[in-house]
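Since the model is a prediction, treat every value here as computed from it, not as a measurement. In what follows, chains carry the letters A, B, and so on, assigned in the order in which the sequence lines appear, proteins first and then strands, with residues in each chain numbered from 1.
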There are 2 protein chains.
Amino acid sequence: MTEKDIMCCKHNFVHEDKVNLVEHEMPKEENLLGVTELFKVLGDPTRTKILSVLYTQELCVCDISKVLNMTKSAISHQLKILKMARLIQSRKAGKEVYYALADDHVGKIYRMAIEHVME
Amino acid sequence: MTEKDIMCCKHNFVHEDKVNLVEHEMPKEENLLGVTELFKVLGDPTRTKILSVLYTQELCVCDISKVLNMTKSAISHQLKILKMARLIQSRKAGKEVYYALADDHVGKIYRMAIEHVME
DNA sequence: ATAACAGTTGAACAACTATTCAACTATTAG
DNA sequence: CTAATAGTTGAATAGTTGTTCAACTGTTAT
């Protein structure tokens with residue numbers, strides 16, 4: 001019997017009642033993966049910093065590059081990921097593209113995380 | 001002049017007032033990295049699932065393995081990461097080790113994310 | 001039309017990370 | 001003491017991902 005065999009946790013030794021309850025209460029796979037995806041997008045230093053500056057106000061790509069001291073290319077790549085995750089929105093004004101948080105909910109999540117870290 | 005040159009965003013073309021304001025409002029690097037680390041830990045499907053089951057009640061490693069249909073080794077590795085991030089706590093009872101969410105705040109963050117995803 | 005600038009994009013490389021595997025510790029039952 | 005079970009751990013592998021680089025689009029001004 002190897003570790004590979006998931007039945008190493010034989011039915012006899014698993015707390016069946018607990019497992020059944022938990023399985024019942026668990027959100028749908030689809031929603032859990034959505035949560036994972038949300039956190040994964042937020043879990044990168046560049047993207048966290050972008051959110052933190054957009055939390056104050058909307059900015060163009062060039063401004064963000066300046067504040068974070070990174071190339072426009074690197075910023076643009078990350079902006080795309082944030083936008084696909086619907087965490088930010090953009091509007092075009094001439095040659096410039098301005099980015100802002102998608103809605104209040106995103107700001108709320110960011111603020112909550114900051115508060116949690118600062119205790 | 002290459003893209004590499006961060007001064008491609010010459011001072012003339014950057015919105016200096018905005019940049020200055022944002023730099024001033026921005027949280028300390030240390031705290032931002034803390035936020036990133038928090039999200040990074042949460043941004044893995046296995047760890048998200050572990051949180052979701054512990055959100056219902058405390059469980060031993062074997063139970064978690066059963067519910068997620070993964071080996072104890074894989075679960076144990078992820079539990080360690082969650083514990084180092086102070087998102088969960090453990091207590092030993094005989095041969096078994098029971099894990100639970102570290103505090104209400106963790107549950108609150110998890111619930112908020114689930115609600116955000118489910119809209 | 002042409003030059004200059006803002007921004008985007010795809011490929012490639014380097015760094016990171018989750019799972020597997022095998023070996024290990026520790027606790028309990030016989 | 002010995003066997004069996006719960007859990008941990010380190011190394012290795014395979015998959016993922018962020019930045020760089022170079023080339024590109026689109027807009028504005030001369």
Side-chain angles (χ1 to χ4, degrees), chain A residues 1-15 18-19 33 36-37 39-50 58-66 68-85 88 90-99, chain B residues 1-15 18-19 33 36-37 39-50 58-66 68-85 88 90-99:
Chain A
M1 172 173 35
T2 72
E3 178 74 8
K4 197 177 181 180
D5 183 7
I6 196 65
M7 286 313 165
C8 68
C9 284
K10 296 188 206 62
H11 246 322
N12 321 19
F13 299 92
V14 168
H15 304 86
K18 288 186 180 180
V19 168
L33 292 182
T36 304
E37 201 49 40
F39 286 135
K40 196 184 290 181
V41 170
L42 295 170
D44 169 80
T46 301
R47 293 193 290 265
T48 307
K49 285 173 190 167
I50 291 175
E58 71 164 21
L59 290 171
C60 66
V61 179
C62 208
D63 291 344
I64 301 173
S65 299
K66 183 71 163 59
L68 303 194
N69 197 39
M70 292 175 67
T71 63
K72 283 183 296 176
S73 178
I75 296 297
S76 185
H77 277 295
Q78 300 310 323
L79 286 171
K80 191 177 185 181
I81 293 172
L82 285 166
K83 194 173 181 185
M84 285 197 305
I88 61 175
S90 64
R91 77 180 169 82
K92 199 165 185 178
K95 281 186 290 190
E96 298 169 339
V97 178
Y98 288 86
Y99 285 89
Chain B
M1 173 173 35
T2 71
E3 177 75 6
K4 197 175 178 180
D5 183 7
I6 196 64
M7 285 312 164
C8 68
C9 284
K10 296 185 207 63
H11 244 320
N12 320 18
F13 298 92
V14 168
H15 305 87
K18 288 186 181 182
V19 168
L33 291 182
T36 303
E37 201 49 40
F39 286 136
K40 197 183 289 179
V41 170
L42 295 171
D44 170 80
T46 300
R47 292 193 290 266
T48 307
K49 287 173 190 166
I50 290 175
E58 72 164 18
L59 290 171
C60 66
V61 179
C62 208
D63 291 343
I64 301 174
S65 299
K66 184 71 163 60
L68 303 195
N69 196 38
M70 292 175 66
T71 63
K72 284 182 296 176
S73 177
I75 296 297
S76 184
H77 277 296
Q78 300 311 323
L79 285 170
K80 190 176 185 182
I81 293 172
L82 284 166
K83 193 173 182 186
M84 284 196 306
I88 61 175
S90 65
R91 78 180 169 83
K92 197 166 187 178
K95 280 187 287 189
E96 298 170 339
V97 179
Y98 287 87
Y99 285 89

Given atom CD1 of A:Ile64 and atom C1' of D:dT19, what is their separation to the nearest angstrom?
17 Å

Which nucleotide wins on minimum distance to the side chain of A:Lys72, given the candidates C:dT19, D:dA6, C:dT8?
C:dT8

Distance in angstrom units between B:Leu42 CG and C:dT17 P, rounded:
14 Å

Side chain to side chain, B:His15 and A:Glu96, heavy atoms closer than 4.5 Å:
yes

What is the distance from NZ of B:Lys40 to P of C:dA15, rounded to the nearest Å?
15 Å

Looking only at the side chain of A:Ser76 (C-beta and beyond, no hydrogens), which of the listed nucleotides C:dT17, C:dG7, D:dG7 gets closest?
C:dG7

Give the minimum heavy-atom separation between B:Arg47 and B:Lys40, together with the two atoms involved.
NH2-O, 3.4 Å

Look at the side chain of A:His77 against the base of C:dG7 and say whether a donor-acceptor pair falls under 3.5 Å; ignore hydrogens and angles.
no

Nearest whole angstrom, please: distance from the C1' of C:dA6 to the CE of A:Met70.
17 Å

Any N/O donor-acceptor pair, A:Ser73 side-chain to D:dC21 base, under 3.5 Å:
yes

Please report, rounded to the nearest Å, how far the P atom of D:dT20 is from the CD atom of A:Gln78.
11 Å

Verify, without hydrogens or angle tests, whether B:Thr48 (side chain) and B:Leu42 (backbone) share a donor-acceptor contact under 3.5 angstrom.
yes

OP1 or OP2 of C:dA6 less than 4.0 angstrom from a side-chain nitrogen or oxygen of A:Tyr99, does that happen here?
no

How many Å lie between CG on B:Asp44 and P on C:dT17, as a whole number?
11 Å

With a 4.0 Å cut-off on heavy atoms, is B:Tyr98 in touch with a base, just the backbone sugar-phosphate, or nothing at all?
nothing

Quick note, A:Cys62 side chain, CB onward, closest among C:dA6, C:dT27, C:dT19 is C:dA6

Tell me, do B:His77 and B:Ser73 make a side-chain contact under 4.5 Å, heavy atoms counted?
yes

Starting at the 5' end of DNA chain D, which residue's closest nucleotide do you reach first, B:Lys80 or A:Thr46?
B:Lys80

Closest to the B:Lys95 side chain, choosing from D:dG18, C:dA6, C:dT27
C:dT27

Do A:Asp44 and A:Ile81 have side-chain heavy atoms sitting under 4.5 Å apart?
no

Output the rounded distance in Å from CD1 (B:Ile75) to C1' (D:dT8).
13 Å

Rounded to whole Å, CE of A:Met84 lies from P of C:dT9 at a distance of 10 Å

